[in-house]
Amino acid sequence: MSKLDAITLGVHRDSLLNNPLLQKTELGRPLRRCFTLPPDGFTYGKPNGNKDSGAADALVWRSAPPQQFSHKEKKKPRDFQSLNKSAVQVGLTTAQEHFQYRATHDVRRKDSGNERTTQKIKRLPPTMVFGVPTKPSTPVYDLLGHKYQDRWLEERRKAEDGMRARQKQKRHVDKNIYETRASLLRKYQPPVDPPPLWHMAKFNKIPPVTVTFRSEKAKSAAFDHHATDSTSRKGVFGHGIYEPAKS
């Protein structure tokens, strides 16, 4: 009987030894977390690829071979128009018959020319040079001859001529005069009532029943004023607006 069996009561189990709470720290070793680890001589990591050459291969630069990518061809969509046409030609008309026909037959769409060109992978040519192109040299002859100044003056002259032509064209365009309320009232002529109908002479001599003047003197003064003022007014009885001066 071991000393552990003598001290520990009950049946001894292996899980007691693997319990991290009961384990003690070993000197110079990490704590165990109840995981099964490889032996001490195990090396962690991924193995390096085998290379036949050593330093000579590292000093010589070689272009990497082009990588060959395998592109899986996508399955083309089904051509339902062709399926419907062939089903009708066979004599199928109902939806259930068409569904069964499509389950047993399959027709794929054909690629057009545009789809083929878009699906192609565009690769850059090996002779392509990247970067910004070199700017051309400054034309010394144009600088000495003031060509840039003459060119700018010519452009400005053309722009001014075009502006003058547009302004001249705007002047000759006939536009309607904007009418305001005052101008419309000034030109408005009230409609003139037609002359009264013919009456018998005996009815015209009947005096009015109502007298609005205070006296005969006030009545005569009012009629005299109306007679002198009615010449410059519009209307049959001279009660309208004043007429403008006529040349």
Side-chain angles (χ1 to χ4, degrees), residues 66-67 69 71 73-82 84-85 108-199 212-213 218-247:
Q67 299 180 359
F69 297 97
H71 298 279
E73 294 184 0
K74 295 183 180 180
K75 199 172 183 180
K76 299 176 183 178
R78 300 182 70 182
D79 192 356
F80 291 99
Q81 294 181 358
S82 301
N84 296 341
K85 181 179 179 181
R108 297 293 173 175
R109 294 176 56 185
K110 297 181 180 180
D111 294 336
S112 60
N114 297 333
E115 294 179 357
R116 293 177 181 176
T117 54
T118 54
Q119 290 179 358
K120 288 184 179 179
I121 301 174
K122 296 182 179 180
R123 300 184 180 276
L124 297 176
T127 58
M128 183 176 180
V129 179
F130 296 90
V132 181
T134 306
K135 294 182 179 180
S137 59
T138 305
V140 182
Y141 176 76
D142 294 346
L143 292 176
L144 296 177
H146 302 283
K147 297 294 183 180
Y148 294 100
Q149 179 183 356
D150 298 341
R151 196 179 307 162
W152 181 81
L153 292 174
E154 186 67 24
E155 291 176 358
R156 293 301 305 169
R157 192 178 296 108
K158 290 182 180 179
E160 291 177 359
D161 293 343
M163 188 181 299
R164 292 196 192 95
R166 287 192 295 270
Q167 292 178 356
K168 188 176 180 181
Q169 186 178 4
K170 287 181 180 180
R171 294 196 199 101
H172 292 289
V173 174
D174 295 332
K175 294 184 178 180
N176 297 329
I177 301 174
Y178 181 77
E179 297 289 350
T180 60
R181 178 177 174 81
S183 62
L184 293 175
L185 291 175
R186 193 181 302 112
K187 297 179 181 180
Y188 175 74
Q189 296 182 1
V192 181
D193 296 334
L197 300 176
W198 178 82
H199 295 280
T212 58
F213 295 97
K219 180 179 179 182
S220 61
F223 274 94
D224 293 342
H225 178 70
H226 172 66
T228 56
D229 193 37
S230 62
T231 57
S232 60
R233 290 178 178 270
K234 292 184 178 181
V236 178
F237 302 101
H239 293 166
I241 60 175
Y242 289 97
E243 292 184 349
K246 296 180 181 180
S247 58

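When a residue number appears, it is its place in the shown sequence, counting from 1.
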Can you give each donor-acceptor pair under 3.5 Å made by side-chain atoms of residues 221-228, sequence neighbours left out, with the distance rounded to 0.1 Å?
unit_1 : atom_1 : unit_2 : atom_2 : d
H226   : NE2    : F237   : O      : 2.9
T228   : OG1    : D224   : O      : 3.3
T228   : OG1    : H225   : O      : 2.8

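The pair E154-R157 meets the salt-bridge criterion, since a charged nitrogen lies less than 4.0 angstrom from a carboxylate oxygen.
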- [ ] Please test K76 against K110 for side-chain contact (heavy atoms from CB on, under 4.5 Å), starting from the C-alpha separation and ending with a verdict.
- [x] CA-CA 8 Å; K76 299 176 183 178; K110 297 181 180 180; 6.0 Å; no
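In this structure D161 satisfies the salt bridge (charged side-chain N to carboxylate O under 4.0 Å, His left out) test together with R164, sequence neighbours excluded. Applying the side chain to side chain contact (heavy atoms under 4.5 Å, CB included) criterion to P125, with sequence neighbours excluded, gives T127, M128. Listed by chain and number, the residues in a salt bridge (charged side-chain N to carboxylate O under 4.0 Å, His left out) with R151 amount to none (sequence neighbours excluded). Partners of K234 by salt bridge (charged side-chain N to carboxylate O under 4.0 Å, His left out), not counting sequence neighbours: none found.
Counting only residues at least two apart or on different chains, the side chain to side chain donor-acceptor pair (under 3.5 Å) pairs with a member in residues 181-197 are E179-S183, E179-K187, T180-S183.
The number of heavy atoms from other shown groups lying within 6.0 Å of CD (Q81) does not exceed 12.
Listed here is the closest heavy atom pair of Y141 and K147: CE2-CE, 4.2 Å.
To the nearest 0.5 Å, atoms CZ (R109) and CZ (R78) are separated by 13.0 Å.
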